[in-house]
Amino acid sequence: MPLVALLLCCTSVLATACASDGRWVELAGERYLVEVADDDAERARGLMFRDSLAEGHGMLFIHDREERQAYWMKNTRIPLDILYFDASLQLVTQQRSVPPCSAGDRCPPYPSRAPALYVLELNAGEARRLDLKDGAVLELGPDIAPGR
């Protein structure tokens, strides 16, 4: 097999493997590949210092307890939608088009209005594009462990 054909074959296999990876969530009929932040260090780092978030991607934060959460945009360079979900995976709060913040510890918090266990960060504008309403249900891919 010529090298080019072999490389194309390998690329196709890798793309298929990535597409079937279980680290995804589905919301309002759209699937997003997500990075999962499920410990204190990962949750603290979040999407800090990144210059972009690929279309169709996001970050899912899984907390230890369902309680009111508050996120901020410290050292975050891209505008985001911050979506809070309770233990039953229902959307309880939307913070849409939250701007980047370079003010360090003076960045404002964006709280949930109700207890949340999961927080999904997507590119700003996704919630509007999906016409999300509170109560929308998040589906977790098979490789994401449910909240503790």
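Hydrophobic clustering (ILVMFWY, side-chain heavy atoms < 4.5 Å, transitive): Phe61 and Ile78 are in one cluster. Follow the hydrophobic side-chain contacts under 4.5 Å out from Ile82 and you reach Leu53 in the same cluster. If you chain together hydrophobic residues whose side chains sit under 4.5 Å apart, Leu130 and Val25 fall into the same group. Cluster membership check: Val119 does not share its hydrophobic cluster with Leu122, using side-chain heavy-atom separations under 4.5 Å among Ile, Leu, Val, Met, Phe, Trp and Tyr. Residue Phe85 is grouped with residue Val36 when hydrophobic side chains (ILVMFWY) are merged at heavy-atom distances under 4.5 angstrom, including chains of intermediate members.
Taking all atoms of both residues into account, the shortest heavy-atom contact from Ala116 to Val92 is CB-CG2, 4.4 Å. In terms of heavy-atom proximity, Ala136 sits nearest to Leu27 at CB-CD1, 4.2 Å. Closest of all the heavy-atom pairs between Pro108 and Cys101 is CD-SG, 4.3 Å. Taking all atoms of both residues into account, the shortest heavy-atom contact from Asp131 to Arg96 is C-NH2, 4.5 Å.
Leu83 contributes atom CG, which lies 6.0 Å from atom CG of Leu91 (distance to the nearest 0.5 angstrom). Here the straight-line distance linking atom CZ of Arg106 with atom CH2 of Trp72 works out to 10.5 Å at 0.5 Å rounding. Put simply, CG on Leu89 and CG on Leu120 are 11.0 Å apart, with the number rounded to the nearest 0.5 Å. Note that SG of Cys107 is 8.5 Å distant from CE of Met73, once rounded to the nearest 0.5 Å. Distance CD/Gln95 to CD/Gln69: 13.0 Å, rounded to 0.5 Å. Between the OG atom of Ser88 and the CD atom of Glu66 there is a distance of 7.5 Å, given to the nearest 0.5 Å.
Take Arg68 and apply the salt bridge (Lys or Arg N to Asp or Glu O under 4.0 Å) test, not counting sequence neighbours, and it matches no residue. Scored by the salt bridge (Lys or Arg N to Asp or Glu O under 4.0 Å) test, Arg128 finds no partners at all (sequence neighbours excluded). For the salt bridge (Lys or Arg N to Asp or Glu O under 4.0 Å) test, no residue two or more places apart in sequence or in another chain qualifies with Glu42.
Remark: of the listed residues His57, Arg23, Glu126, Glu126 is the sole one forming a side chain to side chain donor-acceptor pair (under 3.5 Å) with Tyr32.
Between Asp134 and Gln94, the closest side-chain pair of non-hydrogen atoms falls below 4.5 Å. Contact annotation: the side chain of Tyr118 never approaches that of Ile144 to less than 4.5 Å [non-hydrogen atoms, C-beta and beyond]. A 4.5 Å side-chain heavy-atom check between Ser102 and Arg77 finds every atom pair outside the cut-off. Contact of the Val98 side chain with the Pro79 side chain is not registered, since no non-hydrogen atoms from C-beta on lie closer than 4.5 Å. Arg113 has its side chain out of reach of Tyr84: every pair of non-hydrogen atoms, C-beta onward, lies at least 4.5 Å apart.
Asn123 and Glu55 share no donor-acceptor pair across their side chains, judged by distance under 3.5 Å alone.
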- [ ] Decide side-chain contact (heavy atoms from CB on, under 4.5 Å) for Leu138 and Leu60; before the verdict, give the C-alpha distance in whole Å, the side-chain angles of both, and the deciding distance to 0.1 Å.
- [x] CA-CA 11 Å; Leu138 183 70; Leu60 180 67; 4.2 Å; yes
Open item on the list: Before you tell me yes or no, could you show the steps for Arg50 and Glu35 under salt bridge (charged side-chain N to carboxylate O under 4.0 Å, His left out), namely the whole-Å CA-CA distance, both residues' side-chain angles and the distance that decides it to 0.1 Å?
Closed with: CA-CA 13 Å; Arg50 299 203 192 173; Glu35 296 173 55; 2.6 Å; yes
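The main-chain N or O of Ser97 is found under 3.5 Å from a side-chain atom of Asp81 such that the two form a donor-acceptor pair.
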